[in-house]
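The figures here come from the full heavy-atom set of this structure, side chains too, leaving out hydrogens, waters and symmetry mates. Not measured: the values here are computed from a predicted model.
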Amino acid sequence: MTVVIGFEGSANKIGIGIIRDGEVLSNPRRTYITPPGQGFLPSETARHHRAVILTVLQEALEQAGLKPADVDCVAYTKGPGMGAPLVTVALVARTVAQLWGKPLLGVNHCIGHIEMGRLITHADNPTVLYVSGGNTQVIAYSERRYRIFGETIDIAVGNCLDRFARVIKISNDPSPGYNIEQMAKKGSQYVELPYTVKGMDVSFSGILSYIEEAAHKMLESGQCTAEDLCFSLQETLFSMLVEITERAMAHCGSQEVLIVGGVGCNLRLQEMMGVMCKERGAKLFATDERFCIDNGAMIAQAGWEMFRSGHTRWKNDET
C-alpha cells in the first residue's frame with residue numbers, strides 16, 4: 001500500500017494531508033484571515049504559514065497514526081499560486097523529504113483539485129469547472145491530457161467575490177465568499193449587472209468595476225440592500241459559469257460535470273449547475289468544504305497518482 005503526504009500552501013490556506021491508496025488518513029488545515037476590507041499579502045501569508053506548518057505536520061501524522069518511516073513519498077504544490085507562500089511550503093517539503101529519505105514530487109495545484117474531486121465523487125470522465133480565488137477554468141480530459149476549453153480572460157470568479165466583499169466590508173472569517181453566499185440568501189431584488197461571455201471564455205473585471213463604483217451609491221440611496229447586491233452578483237457570475245460549462249459539455253459529448261475549487265462549495269452554484277445538468281440528462285458531482293477548499297490531501301492524491309505511475313523527481317541523495 002502506497003502512502004503519500006501532501007503539502008499545500010499556494011494561497012492563504014496551509015494544509016498537510018496523508019493519502020493511502022485512495023483513503024484520506026488525515027487532512028488538517030489552517031487559514032490566514034485578515035480584517036474586513038483587506039486582502040492577504042504574499043509576505044504576510046508566508047509568515048503565517050511558517051509559523052504553523054510544523055504544528056500542522058505533527059497533527060497530520062498523529063491523526064493518521066503514522067510515523068515518517070511509513071510514508072513512501074512527499075508531494076508539494078509547485079504552482080500556480082502566490083510566490084512567497086509556495087516557496088515557504090516547498091522548502092519545508094524538501095527538508096522533510098531529505099530528513100526522511102523519501103522521493104519528492106512537485107504537483108500542479110489545479111490537477112490536485114481535479115484528482116481529489118474525482119476520488120471523492122467517483123466521477124468517471126467529467127467536464128470540470130474549476131473555480132477558486134485564483135482560477136476559473138472549464139477543463140476536460142482529452143488525448144491523455146487535461147485540456148482547458150474555456151477560462152477567465154482577466155480575474156478569477158473567487159477574486160471577483162473577494163474584492164466585492166472588501167468594498168462593502170464583509171468579514172473574511174471564515175471566508176468572504178462564504179459570507180457573501182449567506183447574505184445572498186436574504187436578497188430578494190435582482191440588480192442588473194454586466195454579463196460578459198465571449199465564446200468559451202468569461203470576463204469578470206467589468207462586473208467588478210461596475211459594482212465597485214455603483215455599490216455605495218445604491219446602498220446610500222436605498223435602491224437596494226447589501227444582501228440584494230450579493231444575491232445579484234452571485235446570480236450573474238454563476239449564470240456565466242453554467243453557460244460556458246454547458247457549452248463545453250456539448251463540445252465534448254460529456255454527461256458529467258465536476259465542480260472543484262473553493263468557490264465550488266457554494267450551494268447556489270451547485271443548485272444552478274444541477275438544474276442545467278438535469279435538463280441535459282447529465283450528472284453533477286461536487287464536494288463540500290473539506291475537499292473543495294485548498295487542502296493537503298488533494299496534493300497527496302495527485303502525488304499518489306504520479307508516484308504510482310513512475311514519477312520520481314528527487315531523492316535525498318540527489319542534487
Side-chain angles (χ1 to χ4, degrees), residues 113-114 116-118 120-133 135-141 148-152 156-161 164 175-204 206-208 211 224 227-293:
H113 273 294
I114 297 172
M116 196 68 202
R118 290 182 62 239
I120 298 300
T121 65
H122 304 292
D124 180 35
N125 186 23
T127 297
V128 180
L129 175 65
Y130 172 31
V131 279
S132 68
N135 300 275
T136 300
Q137 298 172 327
V138 179
I139 301 168
Y141 193 79
I148 299 171
F149 285 82
E151 60 185 334
T152 176
V157 62
N159 185 248
C160 182
L161 291 167
F164 170 68
S175 72
Y178 174 82
N179 293 326
I180 287 176
E181 179 184 1
Q182 304 315 308
M183 290 179 66
K185 293 175 181 177
K186 302 174 184 177
S188 56
Q189 177 187 344
Y190 178 76
V191 178
E192 189 170 347
L193 299 171
Y195 184 101
T196 312
V197 173
K198 299 177 183 291
M200 295 293 294
D201 297 329
V202 290
S203 171
F204 299 122
I207 302 171
L208 179 63
I211 203 168
C224 64
E227 289 77 9
D228 291 332
L229 288 176
C230 291
F231 166 73
S232 303
L233 183 60
Q234 273 200 169
E235 294 297 301
T236 303
L237 298 179
F238 295 167
S239 294
M240 293 163 59
L241 295 173
V242 171
E243 179 181 338
I244 63 170
T245 303
E246 183 174 19
R247 192 168 289 133
M249 291 176 69
H251 181 80
C252 298
S254 172
Q255 288 298 302
E256 295 180 339
V257 173
L258 171 63
I259 306 177
V260 299
V263 181
C265 299
N266 190 295
L267 296 180
R268 178 56 181 157
L269 173 59
Q270 294 181 18
E271 180 184 10
M272 293 172 70
M273 195 68 72
V275 171
M276 180 273 287
C277 288
K278 185 177 180 180
E279 291 175 351
R280 295 183 61 87
K283 292 182 180 180
L284 172 65
F285 297 92
T287 63
D288 58 28
E289 68 279 355
R290 292 174 300 167
F291 304 114
C292 262
I293 297 171

Apply side-chain hydrogen bond (donor to acceptor under 3.5 Å, both in side chains) to residues Thr136 and Thr152 and explain how you reach the verdict. CA-CA 6 Å; Thr136 300; Thr152 176; 5.5 Å; no
Closest contact, heavy atoms only, [X] versus [Y]:
X      : Y      : answer
Gln189 : Asp228 : N-OD1, 3.1 Å
Thr127 : Ala248 : CG2-CB, 4.0 Å
Thr245 : Leu241 : OG1-O, 2.7 Å
Tyr195 : Ser239 : OH-O, 3.4 Å
Ser132 : Val263 : CA-CG2, 3.9 Å
Phe204 : Ala156 : CD1-C, 3.9 Å

How many angstroms lie between atom CD1 of Ile211 and atom CG of Leu229, to the nearest 0.5 angstrom?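 One gets 5.0 Å once the value is rounded to the nearest 0.5 Å.
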Roughly how far, to the nearest 0.5 Å, is the CD1 atom of Ile120 from the CZ atom of Arg290?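 Interatomic distance, Arg290 CZ to Ile120 CD1, rounded to 0.5 Å: 7.0 Å.
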Tell me, do [X] and [Y] make a side-chain contact under 4.5 Å, heavy atoms counted?
X      : Y      : answer
Glu181 : Leu267 : yes
Arg268 : Met272 : yes
Phe238 : Asn266 : yes

If you count every heavy atom of other residues, nucleotides or ligands that lies below 6.0 Å from Lys185 atom NZ, does the total exceed 12?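 More than 12 heavy atoms, drawn from other residues, nucleotides or ligands, come within 6.0 Å of this atom.
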Given Cys265, which partner from the list Asp288, Ile259, Ile293 fulfils the side-chain contact (heavy atoms from CB on, under 4.5 Å) test?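 That would be Ile293.
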Report the residue from Glu243, His251, Arg247 that forms a side-chain contact (heavy atoms from CB on, under 4.5 Å) with Met200.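 Output: one option passes, namely Arg247.
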